[in-house]
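Right, one structure below, let's go through it.
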Amino acid sequence: MCGILGICGSDSVVGEVYNGLNALQHRGQDSAGIITYDGQFHLKKGNGLVQNIFSVKNIERLGGNIGIGHVRYPTVGGGDAEDAQPFYINSPFGIAMAHNGNVTNHFELREELEKKGRYHINSSCDVEVILNVFADELLRVKSQEQMAETIFRAVVRLFKRVEGSYSVVGIIANKGLFAFRDPHGIKPLIFGRRGNDYCFASESVALDILGYQVERDVAPGEVIFIQQQTPFFKAQREIFSNSPSAIRNSQSHTPCIFEWIYFARPDSVLDGINVYEARLRLGEELAKEVSKRALKTDIVVPVPDSAKPAALALSSLLKLPYREALVKNRYIGRTFIMSSQEDRENTVKQKLNPIKSKIKDKRVLLVDDSIVRGTTSREIVNLVKNAGAKEVSLAITCPPLRYPCVYGIDMQTKKEFIARNKDEEKIAREIGVNKLVYQTLDGLIRAVSIRPFVFSSGRTAKNKYCTACFTGIYPTKISEKMFKEIERDRLKAQCSGVTTF
Ligand code: SF4
């Protein structure tokens, strides 16, 4: 999970890219970067939060009316500053790129590219692989055709080589802004318009705060190119999309269902589905499961923030008092994104504080979005018990997580999951709760699937989702070798003490 943004505006865009990245900060707190173009590329990137990396001085240096930005949640690649995105290469044309996702065959592609001798991959960040494959394909298809056609043909060839998940924004020097989404549309990407200005972003919230009207989601397998001729400022722009062939390129549309459970901001709409509304429905579905158990509850308490809408809906359906009795320190990062086990444990204590008067002598039903390793849940349960709760139970808005995510989420080794080889009762004992209630897979899918995806042609496709971390069924081709390579990379990073995930 990372956040990406690309803007082609009528004036200097760096301020907007900066503000847009702030709106996407929840998607990655590890590093951030912005590259702009005004006849030459200007880049600033580094480790940390958007607000800490950019100063008035370095923002002034980033001139140009076209720019892309990135906030990183690291997947492939270390936590070093040189792995921060965006990346750029000088040939052909000069191309800058940022992406959200994870290239599952990046080891093979890296080898293949380096064997050619022409390409040298400098970092361990997989966008560099996508960028070089794109450059390679542009050189192959470069022709007298219109630039848009050249890009479309190059990306369609890239789709055949690059496996995994990737939503991409990029700049081609002196040509314009492009964006594309992998043929399964696993990671979100949406675009909007404000007069003659265009903005692509991971989530609609960035378009909202920047004042862009949402045009639509980028379709799986779609490439969009915003062409502008020099002089850049106030130039008339043309928008090109490979939309008709995108339908051919797209395989089944399987967006990551975890976006609606946890990752995305509740005020975003992804692939036409409102995140807040989906979370309310997750609570309604979960209420059905809770009501099947003999559970005596005095208050329902959400684990802030992503579980709040679900807890609210669940409490209202079960006619139980809803109390926000865990208070979050907003200035501490999301625990899910923390690097090491030690970081995660310490952060829970610093991050949440119970309101003892609401909890004391109560039978508390906590509602949380997920359990990965179980460490965070155990810590939270202890906090609530120490605050005087008579009994603590836990309801989870998603099913048990049992399989690694190979598409860019920090759960890549099988051993990490507390639910891997355990049933609800055993997990409940390990976490220290009276009862543990999980969402069912059907309940999850019902809660999120409220409308079909609509392509720009008007054709609709019934939403399927990536649910691989619950089911082990992956929408893209994943060989056992790939699993091992990804797992080995992950373990190596953990052992070396590098802050990677
Ligand atoms: S495996 Fe899970 S977290 Fe990863 S993309 Fe699929 S649904 Fe999302």
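Whatever order the structure lists ligands and atoms in, that order sets their numbers, starting from 1.
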**OP:** Would you tell me whether Arg110 and Asn132 have side-chain atoms, one donor and one acceptor, within less than 3.5 Å of each other?
**Re:** no
**OP:** Could you check Ile190, Ile4, Leu177 and say which one makes a side-chain contact (heavy atoms from CB on, under 4.5 Å) with Phe200?
**Re:** Leu177
Subject >> Residues that Leu383 engages under side chain to side chain contact (heavy atoms under 4.5 Å, CB included), provided they are two or more places apart >> reply: Leu352, Pro354
**OP:** For residues Ser315 and Tyr322, report the shortest heavy-atom separation together with the two atoms involved.
**Re:** OG-CB, 3.4 Å
Original post:
Any cation-pi pair here, Lys308 with Tyr276, using under 6.0 Å and within 45°?
Top reply: no
Original post:
Does Arg420 make a cation-pi contact with Tyr403, if we ask for NZ or CZ under 6.0 Å from the ring centre and within 45° of the axis?
Top reply: yes
**OP:** Starting from atom 2 (Fe) of ligand 1, count all protein N, O or S atoms within a radius below 2.8 Å.
**Re:** 1
